[in-house]
S.K.: 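Input: one structure, supplied below.
This structure is a prediction, so every number in the text was calculated from the model and none was measured. Any value given below was found using the heavy atoms of this structure, including those in side chains, with hydrogens, waters and symmetry copies removed.
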Amino acid sequence: MGQWRGPDGILVEAIILDDRPLLRVSHRVNGRTYLRGYCATVSELGQHGVDLAELVEDSPLDHL
């Protein structure tokens, strides 16, 4: 699936959890990764401090 990185260690990943597509938001601080939460829609990312304008795709989706 896809991954997007934001400033200050924010990572957003498109995943499948319990047969549902979700966005997992995590935050890397001092070498440790902390889960911020899961989102069912892109509009929910703001609740976890993610600014869509600052996200950069980490790896291309070659399989599409």
Side-chain angles (χ1 to χ4, degrees):
M1 296 253 139
Q3 290 185 341
W4 298 267
R5 293 199 184 272
D8 301 324
I10 294 291
L11 176 64
V12 178
E13 301 171 278
I15 65 165
I16 303 292
L17 184 64
D18 293 331
D19 293 326
R20 297 180 332 175
L22 294 173
L23 296 169
R24 177 173 50 203
V25 181
S26 55
H27 189 197
R28 188 162 177 87
V29 178
N30 295 328
R32 294 183 154 213
T33 302
Y34 298 94
L35 177 66
R36 281 198 164 181
Y38 296 98
C39 302
T41 65
V42 173
S43 62
E44 294 175 16
L45 289 173
Q47 297 172 3
H48 298 285
V50 177
D51 183 356
L52 292 177
E54 295 179 332
L55 291 180
V56 177
E57 189 172 13
D58 190 31
S59 59
L61 298 173
D62 295 336
H63 64 281
L64 293 178

S.K.: Between atom CG of Leu17 and atom OH of Tyr38, what is the distance when rounded to the nearest 0.5 Å?
M.R.: 5.5 Å
S.K.: Is there a donor-acceptor pair under 3.5 Å between the side chain of His27 and the backbone N or O of Arg32?
M.R.: no
S.K.: Between Asp18 (side chain only) and Arg20 (backbone N and O only), is there a donor and an acceptor less than 3.5 Å apart?
M.R.: no
S.K.: For the atom pair OG (Ser26) and CD (Glu13), what is the distance rounded to the nearest 0.5 Å?
M.R.: 5.5 Å
S.K.: Got Leu52 and Val42 here, is their nearest side-chain heavy-atom distance under 4.5 Å?
M.R.: yes
S.K.: On a heavy-atom basis, which atom in Gly37 and which in His48 lie closest, and how many Å separate them?
M.R.: CA-CE1, 3.8 Å
S.K.: Linking I/L/V/M/F/W/Y whenever any side-chain heavy atoms sit under 4.5 Å apart, do Val29 and Ile10 land together?
M.R.: no
S.K.: For Thr41, check side chain to side chain contact (heavy atoms under 4.5 Å, CB included) against everything at least two apart and list the hits.
M.R.: Ser43, Glu44
S.K.: Do the side chains of Ile15 and Leu11 join up, straight or via other hydrophobic residues, at under 4.5 Å, putting them in one cluster?
M.R.: no
S.K.: Check Val25 against Cys39 and note the closest heavy-atom contact, atom names and distance.
M.R.: CG2-SG, 4.2 Å
S.K.: Go through the structure and list residues passing salt bridge (Lys or Arg N to Asp or Glu O under 4.0 Å) with Arg36, not counting sequence neighbours.
M.R.: none
S.K.: Return the CH2 to CG distance between Trp4 and Leu23, rounded to the nearest 0.5 Å.
M.R.: 6.5 Å
